K.L.:
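First the structure, then my questions, so here it is.
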Amino acid sequence: MVGDVQERNQSASLRRALTVLDHVREHSGLTLTQLAEAVGLSKSTVLRLTVPLVEAKLLDRDRRTGVYRLGHGTLRLGQAYLATLDLRAVAAEESHRLMSEVRETVHLVVHDHPHVVYIDKVENEANVRMASRIGSRGPLHSTAVGKAILAWLPEELLAELVLEPRTRHTITDTERLRAELAHIRRRGYAVDDRENEPEVRCVAAPIFNHHDAVAAAISVSGLTSRITAARVRELGPLVAGAAARISRKLGSTSR
């Protein structure tokens, strides 16, 4: 019984300490008084909770001003976390969830200028299979995943692309593509409307890494008979939401 009480007290203390640490993460530069008021605890309690955090270098307290900031130990933890990240593994749960929700094929790609490379694919077995395969490449300008990435790349990279037509719907004019990329940035997702394959529509959104730089894209693809123009508008926010959750898992703070 005594052991159970001690364990609950330790768990409660840990949760409060994590609350303090998270508040300093969001509001660096607070004094002990300000921090105690912010988290709703007494100054003595906050001081007791922060001592081991300071010892572990997770928090740093300025000796002159007394304000708290994140310690360099958090950087080591962050670097260790990022070193273990595998994009396919990080995105797997969201990819399968998205496929289950929309019942269409989901692709995950990375940027390899001037192409995208397909690194994962989750298919709905009940539908006609997409011709794409893991390891294959696609052009940036005619695929939704490519445009989703291109929209957040430096402007000068657009001038390097050869806008070859893949279908009669492919955008081959640089100014028109530039306007399309601006539209993608405003709404948060890209559309390939029969631009890469004649009977296929695709909706994609960018994935950002811990530097808040575009690193990949996730998409939903299907035949035009299933993904109508009206359904594209429904899929866009769903795909963008999945991309945002993957981005956060990769350490992005801007999405």
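If you read the sequence from its start, that first residue is 1, and numbering goes on from there. Because the structure is predicted, anything quoted here is derived from the model rather than measured.
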K.L.:
Assess whether a salt bridge exists between Glu197 and Arg166, defined as any Lys/Arg side-chain N lying under 4.0 Å from an Asp/Glu carboxylate O.
P.N.:
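Not counted as a salt bridge, because no side-chain N and carboxylate O are separated by less than 4.0 Å.
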K.L.:
Could you tell me whether Lys147 and Glu180 make a salt bridge, using a distance below 4.0 angstrom between a side-chain N and a carboxylate O?
P.N.:
yes
K.L.:
Go through the steps to decide whether Lys121 and Leu108 satisfy the test side-chain contact (heavy atoms from CB on, under 4.5 Å), and finish with yes or no.
P.N.:
CA-CA 6 Å; Lys121 179 180 182 180; Leu108 181 69; over 6 Å; no
K.L.:
Okay, side chain of His141, backbone of Leu177: is any donor-acceptor separation there less than 3.5 Å?
P.N.:
no
K.L.:
Decide, yes or no, whether a salt bridge links Glu155 with Arg178 under the criterion of side-chain N to carboxylate O below 4.0 Å.
P.N.:
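Salt bridge flag = yes for Arg178 with Glu155.
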K.L.:
What I'd like to find out is whether the side chain of Val214 reaches to under 4.5 Å of the side chain of Phe208, using heavy atoms alone.
P.N.:
yes
K.L.:
Can a salt bridge be assigned to the pair Arg137 and Asp112 using a cut-off of 4.0 Å between side-chain N and carboxylate O?
P.N.:
yes
K.L.:
What verdict does the salt bridge (charged side-chain N to carboxylate O under 4.0 Å, His left out) test give for Arg97 and Glu101, after you've listed the backbone C-alpha separation in whole Å, the side-chain angles of each residue and the deciding distance to 0.1 Å?
P.N.:
CA-CA 6 Å; Arg97 179 193 298 178; Glu101 188 172 9; over 6 Å; no
K.L.:
Check whether any side-chain heavy atom of Glu195 sits under 4.5 Å from a side-chain heavy atom of Arg201, and report yes or no.
P.N.:
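Side chain of Glu195 against side chain of Arg201, heavy atoms only: no contact under 4.5 Å found.
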K.L.:
If you group Ile, Leu, Val, Met, Phe, Trp and Tyr by side-chain heavy-atom gaps below 4.5 Å, do Val67 and Val51 land in one group?
P.N.:
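No; tracing contacts between hydrophobic side chains, which count when under 4.5 Å, never links both residues.
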K.L.:
By side chain to side chain donor-acceptor pair (under 3.5 Å), which residues pair with Ser42, not counting sequence neighbours?
P.N.:
Ser44, Thr45
K.L.:
Going by an N to O cut-off under 4.0 Å, is there a salt bridge joining Asp60 and Arg69?
P.N.:
no
K.L.:
For Ile119, is there any backbone N or O sitting under 3.5 Å from a side-chain donor or acceptor partner on Arg88?
P.N.:
yes
K.L.:
Tell me yes or no: between the side chains of Asn209 and Ser252, is some donor less than 3.5 Å from an acceptor?
P.N.:
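Ser252 and Asn209 do not have a side-chain donor-acceptor pair below 3.5 Å.
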K.L.:
Quick one, Ile171 and Leu163 - any side-chain contact, counting heavy atoms below 4.5 Å?
P.N.:
no
K.L.:
Do the ring centers of His113 and His115 come within less than 6.0 Å of each other?
P.N.:
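They do not qualify: ring centres at least 6.0 Å apart.
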K.L.:
Under 6.0 Å from the CD atom of Glu26, do we count more than 12 heavy atoms belonging to anything else shown?
P.N.:
yes
K.L.:
Heavy-atom distance under 4.5 Å between the side chains of Val110 and Val116, does that happen here?
P.N.:
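Not touching, per the 4.5 Å side-chain cut-off.
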K.L.:
Using a 4.5 Å cut-off on heavy atoms from C-beta on, say whether the side chain of Pro198 contacts that of His169.
P.N.:
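SC-SC contact between His169 and Pro198 ruled out.
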K.L.:
Check this for me: does any side-chain nitrogen of one of Arg231 and Glu104 sit under 4.0 Å from a carboxylate oxygen of the other?
P.N.:
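Answer for the salt bridge query: yes.
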K.L.:
Flag the pair Leu32 / Arg61 as yes when at least one side-chain heavy-atom distance between them is below 4.5 Å, and no otherwise.
P.N.:
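The answer is yes; the side chains approach within 4.5 Å.
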